[in-house]
Each structure stands twice: as structure tokens, then as C-alpha cells.
Amino acid sequence: MSDKSNSTASPSAPDGTRAVVTRFAPSPTGTLHIGGARTALFNWLYARHTGGKFLLRIEDTDRERSKPEHVTAILQSLTWLGLDWDGEPLYQFARADRHRAVAAELLAAGNAYKCYLSPDELAAMRARAEAEKRAYVVESPWRDADPASAPAGVKPTVRLRTPRVGETVVADQVQGRVVIPNKDLDDMIILRSDGAPTYNFAVVVDDHDMGVTNVIRGVDHLTNTARQTQVYNAMQWSLPAFAHIPLVHGADGAKLSKRHGAQGTDEFRAMGYLPAALRNYLARLGWSHGDEEIFSTEQAVAWFDVADVGKSPARFDFAKLADLNGHYIRQTAVPELLVHLTACLKGIDALDIGVITADKKAPPRPDLALMQELATLRPDLKTGSDLLAALQLAGTDRISAAIPSLQERARSLPELATGMLYLVAQRLLQLDEKAQKLIDADARRAIADLVALFAASPTWEASALEGIVRTYAEVNGLKLGKVAQPLRAALTGRAVSPPVFDVMAVLGRDEALARLKDQM
RNA sequence: GCUCCCUUCGUCUAUCGGUUAGGACACCAGAUUUUCAAUUUGGUAAGACGGGUUCGACUCCCGUAGGGAGCGCCA
């Protein structure tokens, strides 16, 4: 991409219109925000829908805050989400010479000028504007001053010479026609005094050079677009189509932030959401296709259009995400689920269990719930990786055997793992309060009777074991629950678990009998 | 403060001047059930407010209120 960055025309689509090129342009100052993930998703969906290209640009011009590890993390998150990009990511900082060259063109054509206003002078102007309750609009005296009168030894910024009268119109595919009077738009700085290009300028040059036809980004960039439009006009470049999508808010309606429990895509992975579920949820947040709620990525690609994106901000609803996630967990085949589970457990390593649990209004953290449960059952296991190792010790075939009965009740991967804890529990099992209550004198007698019957069973299949218990209950005039619940308590240490006979089958004859005998 | 944007059940949304205002999540109740889920049946629940325009407004216009975003030599 970058080697032919001066090309202005994008390839033509078969029908003669320009082929669509979208881009996602994160700045690597942190991990991928969930709102950014949605922006990326919309760009990706639109590109795939139209058969166009989805490009990536790393906006790393802030040398202080940009970090290579953030680039890696962002790319990993996009990959995890299944959003593949075309070509190599473009690094904005590497293109500073090109940006300066365009600035020089603008200067030569008289569309930009050198401004010798100092930061102090600007601060004073802003303070005055605030005091007089006016909008802060810089009117540089250098716009029309004689360059010869420039102060010696002062490095100027370069400002765009923008129209003083009239208006700049953004024809937005989501927001509609947004009109901003030019008098409210001051002459933006395109080159800092150190020669570094500014964001609003670099974006235009890059979008143009990359052949971007459709800019889909958050509404927080709407006013930037007016400024960027002025750059396009000054260079006589054709404008891309703009679509400014509403932001994602937390449950309280404020912009999504740390206080809402999670905002990084990596955190959602640790919480055990499947990429397919997150994709489905995110797509449905602000966009709709009739009454469709659950749809495959292929369907989303087939249906997606920026015209169907709403204008109002949407609140993030963890309950709905969890419901969707449960759906996708049930849909996923065991081997694939195992892959996701492994990755998820590894991600729980660094999490501090002590944090976050205080706020009642905070969204549920299945990962933390898992760790708390683990702390009571196996205090020796401290991290998700420890648990993973313990599970692997129990045997992959056992894990696989345990999954089918668990996946239909789990709404997240950590929940799935929580349901597996009976596998790694060690004798003597620590029964929780509810489980202890289930084991009374009657229960002990029943367990003793059943242990004898089980021991005599030629097979250890769930159906056979169930037959034994059903017959026993019937003969003794007991409800099945009266017998099955104590078994559950003895086998898992909990009053809630997957079906007991599945549990017994997964544990195997020796371990199951031993746990039962422990409670006689 | 200034500029711009938004407003249908608790939440995400459908509706594109004529509907008993639909769906999904959540919630409540019933069925099913060895627990929890899953499944299934049913239920509660909405056009912010006030004016217009119109035979007729959730839908178009104006105002009010509430909410959001932007106002850097950050991105």
C-alpha cells in the first residue's frame, strides 16, 4: 500500500463506481477499546459487504504515548474478533515527510501560511474568550501579515488559510447534512513548530493517499470532519463519504469508561465472551436489520449498510451479551470450545481478584466469580493457568466428556470452567453450606445403599447409573430428587451441578465411589 | 460558555402519515425437571413534554426539558 501512496484513483468496481475502501485507524496509546472494536467491525462489515477493502492505519504520531506493545495488542484483538484487514498496516509517523510535502504545496499555493503566535499568546487568547463567554476561535495576525516581519529565532507553525465566510457542509451518511459556519472554524494548525504534522492534517493526507472512499468513525470526530473537509478542498482532492456512528455508552448513559467494569476488548476475552457473540452483539448495537437478533457473520456482511445505523447513542447491556454468548457457547463444537476455553483461562492469569467486586451496579464478572469459587475448592490454584494445568492433569478426554452437559447451561467460558471444578476438586471435598444440608442421616443411608449397587454395576455409563438410582428410589418410595441431590452434594461439593449421572460417568468408577464413601 | 447532535417498553431496537405500536434481552408467573440451566406457554412494560401542520401523527415543523459529543502546536 505505502509504496504507491501517491495514487489518487482507487480501482474501479465492475459497475464503474469506485470500489469501496474503508479503514480503521487506532492510535496505539492503549488496548483496543470496545467502542473502537465496534467502529472497526462496522468498517469491516461495510468493506466486506461491498467487496471492497478494509485497511488499517496506526496513528502513532503521538511519540510520547504510542507504544509498540499497544500496536501488538490491538492487532491481536482485531484478529481475535475475526476482523481481517487487507495489506499491511500503515504507520502514520513514517509518513511525516509526505505530510510535510503536502504542507509545502499548500504553502506554495498560498493556501497555508506561517504563524508566529506563541503558545503563551494562544493561551491568553483562550483565556480572554472564556472570560468573555465567547467561542475560542484563533484569528492569527500572521494570516495577512508580511512574512518579512517575522520575528527572528521563532519557529512558526503552519496554518491552513480557511474561508472566513460561508459554511462548511458535511454530508454525513448517518448524521445527515451537518452545517458548520466557517467563522466558527479557525485556521487549523497543520504543521507544529517542530515540523510534525497534526492529526487532522495527517489523517486527510493518509486517507487520500490510501484511496479511502468511506470514512466510518465515531461521532466524536464530526467537527474534525469539517476541518478535514477544508484540507480536502484546499488540495482539491475529492471527498470520501463520511459516516459518523454514535458512541457506545455504559449502563448509566455516560461514555463507556473504566467505572463500567470493562472497556478493553482483551477484558471481554478474559470474561469469556466468544468472538462470534461479541461480533453479533456489537453489530446489533446501533445497527439493525429488521427484527433480526441472532445472525451469522456471513448474514451480517450480506445485510450491513451504514444507512441502517441509527443516530442515537446505545447503552452497553451485559445481560444481552451474556444471553447471546450462551447461545454461541451452545452452538460451538467441543474441540473449538476447548480452544476458546484454554485461551480464556490463560487470560485470567493477571487479573486481581480483589478489585471490582465492591460495586453492586457493576456488570457481572464471570472470570472473577470463577476465581472466587476456585479459591474455596482449590486454594492452591491461584491463576487461570494453574486451573488449566489441573484440568489437563485430569485428562483432556474427561474435559471433553464434561463439556456437553455444561455448555448448555453456561453463559460464559469461566462459567463453563466453574462447572468443571468438580473434576479438579480433591478429596476430602469441601462441601459448601447448601451441600452439607443435603447430607442428612437419610441421605447417608441412601448413599451407602447406592454405593453397594453401583459397585455391582457391570458398566459405568450414565444411563445405567441413572437406571440404578431410579429403581432404588421407586422401590423405597422416594422422589428421585431426594436421592439425586445428596449424590450431587457428595460428588461435587455443591447443590448445583451438571446432571449427577453425567458427573459420575465423567469422574469414573473409582473416583466417584471414593467420593461417595467419604460421605457415608 | 459556545457549536453540533440525540430522545419508542428498564436496555437494544422495528415502524419510514393510517398498526390492538412489533421483536429481542431483562423481569414476573405457569409447564417441564434429579439441582441449575436449557426449552416452552403466558404476562408486566414505551412514543420526554408543550404547541402547531394534517381528515389523520411515534413518524413532518417549532419550542421546552433531559442526555451526548466537540471546542489543543492530543489523537
Side-chain angles (χ1 to χ4, degrees), chain A residues 25-29 59-62 64-66 92 115 117-119 122-123 126 129-138 155-159 170 172 175-176 178-181 184-186 188-194 196 198-200 202-203 218-224 226 244 246-247 249 251 253-255 281 284-294 310-324 326-327 330 405-411 415 419 434 438 466 469-470 473 479-489 492 494-501:
Chain A
S27 70
T29 54
E59 313 226 307
D60 55 351
T61 52
D62 185 334
E64 292 291 307
R65 298 194 297 150
S66 294
Q92 190 162 58
C115 172
L117 244 26
S118 72
L122 289 169
R126 183 169 0 186
E130 270 173 36
E132 293 171 17
K133 300 191 171 181
R134 279 185 294 113
Y136 168 61
V137 179
V138 175
K155 290 218 163 124
T157 59
V158 175
R159 285 183 186 271
V170 178
D172 194 275
Q175 304 295 326
V178 179
V179 180
I180 301 184
D184 294 335
L185 263 18
D186 55 23
M188 64 178 275
I189 293 174
I190 59 174
L191 245 41
R192 299 186 183 94
S193 51
D194 67 357
T198 57
Y199 167 80
N200 273 317
V203 163
V219 262
D220 49 335
H221 284 85
L222 190 57
T223 41
N224 284 333
H244 288 89
L247 267 24
H249 290 175
K255 196 173 172 177
Y281 178 74
R284 195 62 187 66
L285 204 57
W287 171 80
S288 65
H289 182 75
D291 281 340
E292 300 291 345
E293 295 286 348
I294 296 177
K311 286 171 125 181
S312 49
R315 298 181 186 207
F316 201 96
D317 183 2
F318 280 88
K320 190 156 184 173
L321 208 211
D323 177 72
L324 268 175
H327 171 84
R330 272 169 260 140
S405 62
L406 284 166
Q407 74 184 131
E408 63 183 272
R409 50 203 100 225
R411 289 156 81 86
E415 257 180 74
K434 285 177 183 167
L438 286 170
E466 180 170 354
V469 176
R470 280 190 186 278
K479 292 183 94 171
L480 191 54
K482 187 74 181 159
V483 188
Q485 280 299 85
L487 289 179
R488 184 189 316 283
T492 67
R494 297 287 180 267
V496 174
S497 84
V500 266
F501 308 112

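Below, read A as the first sequence line, B as the second, and so on, with proteins coming before strands; counting in each chain starts at 1.
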### Qualifying residues under side chain to side chain contact (heavy atoms under 4.5 Å, CB included), relative to A:Asp194, sequence neighbours excluded
A:Arg192, A:Ala196
### Query
Quick one: the side chain of A:Asn224 and the base of B:rA75, do they pair up donor-acceptor inside 3.5 Å?
yes
### Query
Side-chain N or O of A:Arg409 less than 4.0 angstrom from OP1 or OP2 on B:rU39?
no
### Summary
Nucleotide by nucleotide, nucleotides 41-47 of chain B touches protein heavy atoms under 4.0 Å in the pattern (B base, S sugar-phosphate only, - none) -------
### Query
With a non-hydrogen cut-off below 4.0 angstrom, is A:Ser66 in contact with a base, only sugar-phosphate, or nothing?
nothing
### Query
What residues, two or more places apart in sequence or in another chain, satisfy side chain to side chain contact (heavy atoms under 4.5 Å, CB included) together with A:Leu438?
A:Gln485, A:Ala489, A:Ala495
### Task
With sequence neighbours left out, write down each residue that passes side chain to side chain contact (heavy atoms under 4.5 Å, CB included) with A:Pro26, or none if nothing qualifies.
A:Phe24, A:Ile58, A:Ile74
### Query
Which value, in whole Å, describes the distance between the P atoms of nucleotides B:rU11 and B:rC55?
36 Å
### Query
Rounded to the Å, how far apart are A:Arg126 CZ and B:rC2 C1'?
14 Å
### Query
Closer to the 5' end of RNA chain B via nearest nucleotide, is it A:Val179 or A:Val496?
A:Val179
### Task
Identify whether any heavy atom of A:His244 sits under 4.0 Å from a base atom; if not, whether one sits that close to sugar-phosphate; answer base, sugar-phosphate or nothing.
nothing
### Message
Return the pairing partner of B:rU53 with a 3.5 Å limit on both distances, Watson-Crick or G-U wobble; otherwise return none.
### Response
none
### Message
Taking B:rA24 as the reference, what is the distance to B:rU33 when you measure between their C1' atoms (whole Å, please)?
### Response
26 Å
What nitrogen or oxygen pairs link the protein and nucleotides 29-34 of chain B at under 3.5 Å?
from: B:rU34; atom 1: OP1; to: A:Arg470; atom 2: NH2; distance (Å): 3.2
from: B:rU34; atom 1: O2; to: A:Arg488; atom 2: NH2; distance (Å): 2.5

### Message
Among residues at least two apart in sequence or on other chains, which ones pass salt bridge (charged side-chain N to carboxylate O under 4.0 Å, His left out) with A:Asp172?
### Response
none
### Task
For A:Ser27, report the nucleic acid contact type (base, sugar-phosphate, nothing); a contact means any heavy atom under 4.0 Å.
sugar-phosphate
### Query
When the distance from CD of A:Gln175 to P of B:rC5 is rounded to whole Å, what number comes out?
9 Å
### Query
Between atom CD1 of A:Ile190 and atom OG1 of A:Thr198, what is the distance when rounded to the nearest 0.5 Å?
7.0 Å
### Query
What is the pairing partner of B:rU40, taking Watson-Crick or G-U wobble pairs with both distances under 3.5 Å in any strand?
B:rG30
### Task
Not counting sequence neighbours, which residues clear side chain to side chain donor-acceptor pair (under 3.5 Å) with A:Glu466? List them please.
A:Arg470
### Task
Could you tell me whether A:Glu408 contacts a base, only the sugar-phosphate backbone, or nothing, with contacts defined as non-hydrogen atoms closer than 4.0 Å?
base
### Task
Using the C1' atom as the reference point in each nucleotide, state the distance between B:rG30 and B:rG63 in Å, no decimals.
49 Å
### Task
Please determine, for B:rU64, whether a Watson-Crick or G-U wobble partner exists with both distances under 3.5 Å, and give it or none.
B:rA48
Between the protein and nucleotides 7-13 of chain B, are there any N/O to N/O pairs under 3.5 Å, and if so, what are the atom names and distances?
from: B:rC12; atom 1: OP1; to: A:Arg315; atom 2: N; distance (Å): 3.0
from: B:rC12; atom 1: O2'; to: A:Arg284; atom 2: O; distance (Å): 3.1
from: B:rC12; atom 1: O2; to: A:Lys320; atom 2: NZ; distance (Å): 3.3
from: B:rU13; atom 1: OP1; to: A:Gly286; atom 2: N; distance (Å): 2.7
from: B:rU13; atom 1: O3'; to: A:Ser288; atom 2: OG; distance (Å): 3.2
from: B:rU13; atom 1: O2'; to: A:Arg284; atom 2: NH2; distance (Å): 3.2

#### Entry: Residues in salt bridge (charged side-chain N to carboxylate O under 4.0 Å, His left out) contact with A:Arg159, at least two apart in sequence or another chain
none
### Short side-chain to backbone donor-acceptor contact, A:Tyr281 and A:Asp317, under 3.5 Å
yes
### Query
Does A:Ser497 get its side chain close enough to the base of B:rC36, under 3.5 Å, for a donor-acceptor pair?
no
### Set of salt bridge (charged side-chain N to carboxylate O under 4.0 Å, His left out) partners for A:Asp186, sequence neighbours left out
A:Arg227
### Message
Working to the nearest 0.5 angstrom, can you tell me the gap between A:Ser118 OG and A:Lys155 NZ?
### Response
15.5 Å
### Query
Base, sugar-phosphate, or nothing for A:Arg411, non-hydrogen atoms under 4.0 angstrom?
sugar-phosphate
### Task
Report yes or no: does A:Arg126 contribute a side-chain atom to a donor-acceptor pair with the main-chain N or O of A:Leu122 at less than 3.5 Å?
no
### Task
Taking salt bridge (charged side-chain N to carboxylate O under 4.0 Å, His left out) as the test, write out the residues that go with A:Asp62, two or more places apart.
A:Arg65
### Query
Residues two or more places apart in sequence or in another chain: which of them pass side chain to side chain contact (heavy atoms under 4.5 Å, CB included) with A:Thr223?
A:Ile180
### Whole-angstrom distance between B:rC58 and B:rC49, as gauged at atom P
11 Å
### Query
When all nucleic acid strands are considered with a 4.0 Å heavy-atom cut-off, which category describes A:Leu247: base, sugar-phosphate, or nothing?
sugar-phosphate
